[in-house]
Amino acid sequence: MSAGTGGGRGTGSSGPSDVVEPRVEVLLDPGHAGGSLVEDVRRGFGSAPRQLPPKWLYDDEGSRLFDEITRLPEYYPTEAERSILAEHAEDIAAACDASTVVELGSGTSDKTRTLLDAFRSPSRPGGPLRRFVPVDVSDGTLREAAAMLSTRYPGLAVEAVVGDFTLHLGDLPRGDTRMVAFLGSTIGNFYVEERRAFLGALADSLDPGEWLLLGTDLVKDVGRLVAAYDDAAGVTERFIRNALVVVNRELGADFDPGAFSYVPFWDPRMERIDMRLRAEEPQVVTVPGADLVVELATGEEIRLEISTKFRREGIRAELADAGFTVTDTWTDAAGDFALTLARRD
Ligand code: SAH
Ligand code: AVI
């Protein structure tokens with residue numbers, strides 16, 4: 001997220017003819033980084049291992065680095081999910097009667113275009129999609145994507161929301177039947193308890209009969225998994241290290257990102273990649289904005305992100321617990337990634 005998100009609630013307007021300018025609603029308050037980051041730093045740096053929620057990875061530079069990650073040869077999830085969408089977007093659009101698509105953690109909405117193409121088809125059984133609501137904490141990336149989509153889909157109402165999907169699910173636009181798309185396996189970046197809370201809150205925010213399209217990366221060969229998060233070009237390392245730069249900028253901290261080494265590893269018990277930074281020397285870091293001093297011994301680690309991998313039966317069970325019934329699941333040819341369509345009970 002950018003410091004100083006700019007704009008206000010509903011800053012967009014309708015343009016002439018059938019071109020609809022994107023509306024951008026800002027739900028993050030302007031002091032977001034100063035408030036919520038302070039709490040996250042105080043709570044996270046006081047726990048063992050020390051940690052930070054992954055949303056702080058996505059300032060403008062973090063969003064740019066993530067985009068670079070999606071094009072790395074080792075990072076297979078984006079292309080795997082794209083290939084499922086290329087093959088099955090029409091099946092998805094035909095299987096659900098939504099006239100609004102909400103996309104959580106939409107980023108550049110790059111893959112989403114394939115889905116929107118299918119939903120916009122005049123021959124779609126439920127009629128063409130009326131509204132698209134991309135939701136992201138990364139203000140600049142979201143605005144750029146929303147403008148691109150309004151140009152590409154004249155007549156589609158693009159109503160972007162700068163918001164946090166752990167806080168703002170209850171504030172999503174209502175009215176039509178909605179399908180919430182949560183792609184990219186971003187759900188894997190939650191801890192188990194957070195994932196349960198998120199799915200519960202999502203179910204609460206939807207009416208019976210509304211839809212969820214969930215992208216999940218599947219458990220596979222450990223060598224491929226580790227390589228995807230420890231790429232030869234070092235882009236993932238820069239992405240993870242950037243979180244310390246964010247804390248320096250937003251809270252005036254004096255982390256030296258170069259004094260840490262990047263330590264990604266597979267946790268077989270939790271079936272997740274764990275991405276940490278390890279102090280290479282003893283350090284005393286001051287974080288004035290959080291009124292905090294962090295003392296790190298050599299070898300001490302900060303966990304910046306996890307990326308959980310899933311099994312089909314686990315996805316079905318977690319969705320059922322939250323109040324969803326799975327109606328379809330599609331995977332890519334290699335069985336690396338799954339897209340699951342589920343209906344709110
Ligand atoms: N959906 C895209 C992007 C995935 S990267 C894809 O499949 O490629 C994760 C995205 O989620 C980023 O754009 C990031 O800014 C956003 N994000 C991370 N935490 C968030 C939160 N708590 N609320 C809203 N967006 C969040
Ligand atoms: C956004 N999310 C699903 C990515 C992942 O694969 O867990 C973030 C990422 N972190 C490092 N590489 C990619």
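Residues: numbered from 1 along the sequence shown. The figures here come from the full heavy-atom set of this structure, side chains too, leaving out hydrogens, waters and symmetry mates. As the structure lists them, so they are numbered: ligands from 1, and atoms in each ligand from 1. Keep in mind that this is a model prediction, so the values were computed, not measured.
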For [X], state whether at least one heavy atom is located under 4.0 Å from any atom of ligand 2.
X	result
Gly188	no
Pro77	no
Tyr58	yes

Checklist line | Side-chain touch Tyr75/Phe66, heavy atoms, less than 4.5 angstrom | finding: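 Yes; the side chains approach each other to less than 4.5 Å.
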Margin query: Contact between Thr166 and Phe190 at the side-chain level, heavy atoms closer than 4.5 Å - yes or no?
Written below: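 Yes, at least one pair of side-chain atoms sits under 4.5 Å.
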Note to self: Consider side chain to side chain contact (heavy atoms under 4.5 Å, CB included). Of Asp328, Val180, Leu339, which one does Leu213 pass it with?
What the structure shows: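 Considering Asp328, Val180, Leu339, a side chain to side chain contact (heavy atoms under 4.5 Å, CB included) with Leu213 is found only for Leu339.
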Next item on the list: Please determine which of Thr331, Val326, Leu212 meets the side chain to side chain contact (heavy atoms under 4.5 Å, CB included) test together with Thr340.
Entry: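 The residue from Thr331, Val326, Leu212 that satisfies side chain to side chain contact (heavy atoms under 4.5 Å, CB included) with Thr340 turns out to be Val326.
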Please verify whether a non-hydrogen atom of [X] lies at under 4.0 Å from ligand 1.
X	result
Asp164	yes
Gly215	no
Val137	yes

Notebook entry, point to check: Backbone, side chain, both or neither: what part of Phe165 comes under 4.0 angstrom of ligand 1, heavy atoms only?
Noted result: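 The part of Phe165 near ligand 1 is both the backbone and the side chain.
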Note to self: How about CZ on Arg316, more than 12 heavy atoms from neighbouring residues, nucleotides or ligands closer than 6.0 Å, or not?
What the structure shows: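 Not more than 12 within 6.0 Å, no.
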Notebook entry, point to check: Any N/O of Thr186 closer than 3.5 Å to an N/O of ligand 1?
Noted result: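 For ligand 1, there is no N or O atom that lies under 3.5 Å from one belonging to Thr186.
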Note to self: Taking 4.0 angstrom as the limit and counting only heavy atoms of Lys111, give me the atoms of ligand 1 inside it, by number and element.
What the structure shows: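 Those qualifying, in numeric order: 6 (C), 7 (O), 8 (O).
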Next item on the list: Would you tell me which option among Pro134, Ser109, Gly105 has the nearest heavy-atom contact to atom 10 (C) of ligand 1?
Entry: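 It is Gly105 that holds the nearest heavy atom.
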Checklist line | Salt bridge flag under 4.0 Å for residues Arg43 and Asp40 | finding: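 Salt bridge between Arg43 and Asp40, a charged N being under 4.0 Å from a carboxylate O: yes.
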Item checked: Val263 with Leu57, same ILVMFWY side-chain cluster at under 4.5 Å ->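 No, separate clusters.
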Check: Is there any N or O on Thr186 that sits under 3.5 Å from an N or O of ligand 2?
Finding: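 In fact, backbone or side chain, Thr186 has no N or O that close.
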Next item on the list: Measure from NZ or CZ of Arg120 to the centre of the six-membered ring of Tyr153, then state whether that distance is under 6.0 Å and the direction lies within 45° of the axis.
Entry: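 Relative to the ring axis of Tyr153, which defines the angle, Arg120 lies outside at least one limit.
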Margin query: Using a 4.0 Å cutoff against the non-hydrogen atoms of Thr236, which atoms of ligand 2 qualify?
Written below: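 Selected atoms, number and element: 11 (C), 12 (N).
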Notebook entry, point to check: Which protein non-hydrogen atom lies closest to atom 13 (O) of ligand 1, naming both residue and atom, and how far is it?
Noted result: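 It is Asp136 OD2, 2.7 Å.
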